[in-house]
Q: 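Have a look at this one before I ask anything.
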Amino acid sequence: MFSRLDHPPVAYEDYRPLLDSKLADELATVAGEMGQLRVLHLNSTATGGGVAEILQSMVPLGNSLGIETERIVINPDAAKFFDVTKKIHNMLQGSEGELSSAELDIYFSCIQRVANDMRAKGLEADVWFVHDPQLLPLARLLPKKEGETWIWICHIDLTTPNKSVLDALMPLTQDYDQLIFSQSAYVPKDLGDKVPVLIAPPAIDPLTSKNTAMDLPQARKIVAAMGIDTARPLVTQVSRFDLWKDPWGVIDAYRIARESVPGLQLALLGLSQATDDPEGAKVFQTVVDHAAGDPDIHLYFDPAEMPVSVDEVVNAVQMASAVLIQKSTREGFGLTVTEAMWKGKPVIGGDASGIRVQINDGVTGFLVSSPEQCAQRLVELLQDDALSARIGVAAKESVRQRFLLPRLALDYLRVARAQVNGRIPAVSDD
Ligand code: UDP
């Protein structure tokens, strides 16, 4: 009911040239002090979505820092588990409705069986990093052993949660030693002060095949193989097909912008990989309908149809696009924004909390609240290469300073060390 995942090793030294020396040295020091501890990261999908993306790099980075770090993915045995947890995810981000007692029963009983399996198989660690609401009940259902530290990390946008789901789930946070949210605005108001909170925004791995700069001819070759005309301008949103990512609004913005930029093409890349997101196919179908057969709207859902690996496709599409859009209405953080900024691309983001943290409007990208605004910024950027270049340079440096993986590793390890040493870390916002 759970699996261990292996990830190819990385070398910490390869990250150093990208880091400010203060951060690089502190990370090595903290890791050195934690060398004897065993660390586990647990989440609910092996691939697809931001958390899987972070963990596939965080785990090998931990090992390369000399800390025994493992990755566990749960495989719950009830088909409906991910329907329920997707509903929980949507409600935590603000959708209406209530969880029925049958749904709560599926949620708790699945995690109970996962917990029993972990106990039976002797899964052990000194520090447990449990990611996102899917696994939240684990600390209650697999009570911690003496000396263990349990940390729950919530990656989603909790600015306007549905109160009923918050009331049902937040008591479970009290079974942890430490909580981590991506922003202070996400910390639920009546969480209490028993369990300390750290604010740690996510980060990208600059060394993966997704994020290492691909040269333009190579990128163009790949997008051409995907049916895109490389002689005409391209704008793209890279995102799961999900309610909160507003793919329909992206199409509306493209249609308006195209009136001023003839020949404009749009790509929506949402290659379905997340086992914990059962809604993708349904949302995709509505987007197909909304695109209404426009041959210049390129929609991608099936990874099997891609000419190269998903990571290379994402890299190529980001590199070959003149502008990246991330028109989310809710966004816990939005790694796709970071990935595009790291490639020196101008990004137009929806004015959602996670994107606001990354984009300084007019300096490192643009924030928009409607398809019309999005279209206006698209036209400005497509018609002004100097503006695009200036924003791209500022965007890349901002990511280098704030949102590369070693900074997040340091946040996690600092807080784990403080817990292990019995100290309570302070809340900070960056
Ligand atoms: N992603 C991908 N292929 C796709 C669409 C998205 O690999 O077709 C990746 C994307 O590059 C990013 C992650 O999935 O690394 C999405 O993370 P984000 O934080 O933007 O959104 P989430 O899916 O977690 O809501």
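When a ligand or atom number is given, it counts from 1 through the structure's own listing order.
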Q: Measure the distance from atom 1 (N) of ligand 1 to every protein heavy atom, then report the residue, atom name and distance (to 0.1 Å) of the closest one.
A: Lys210 NZ, 4.1 Å

Q: Please state whether the rings of Tyr176 and Trp152 are parallel, tilted or perpendicular, taking 30° and 60° as the class boundaries.
A: tilted

Q: So, do Leu40 and Phe129 sit near enough that their side-chain heavy atoms are less than 4.5 Å apart?
A: no

Q: Can you tell which part of His155 has a heavy atom less than 4.0 Å from ligand 1: side chain, backbone, both or neither?
A: neither

Q: Should you measure from each heavy atom of Gly270, which atoms of ligand 1 turn up under 4.0 Å away?
A: 8 (O)

Q: Can you say whether the rings of Phe333 and Phe403 are parallel (under 30°), tilted (30 to 60°) or perpendicular (over 60°)?
A: perpendicular

Q: Taking 4.0 Å as the limit for heavy-atom contacts, which would you say applies to Lys245 with ligand 1: side chain only, backbone only, both, or neither?
A: side chain

Q: Is Arg356 salt-bridged to Asp351, cutoff N-O under 4.0 Å?
A: yes

Q: Using a 4.0 Å cutoff against the non-hydrogen atoms of Val238, which atoms of ligand 1 qualify?
A: 5 (C), 6 (C)

Q: Is any N or O atom of Leu271, backbone or side chain, closer than 3.5 Å to an N or O atom of ligand 1?
A: yes

Q: Kindly identify the option in Gly48, Gly332, Gly50 whose heavy atom sits closest to atom 16 (C) of ligand 1.
A: Gly50

Q: Does a donor on one side chain and an acceptor on the other come within less than 3.5 Å for Asn90 and Glu279?
A: yes

Q: I'd like to check Asn43 versus Asp132 (side-chain heavy atoms, cut-off strictly below 4.5 Å). Are they in contact?
A: no

Q: Is it the case that ligand 1 has an N or O less than 3.5 angstrom from some N or O of Thr336?
A: yes

Q: If we only count heavy atoms from C-beta on, is the Leu335 to Ile54 side-chain gap below 4.5 Å?
A: yes

Q: For atom 15 (O) of ligand 1, what is the nearest protein heavy atom, given as residue, atom name and distance?
A: Glu339 OE2, 2.5 Å

Q: Is Leu269 touching ligand 1 with its side chain, its backbone, both, or neither, if touching means heavy atoms under 4.0 Å apart?
A: both

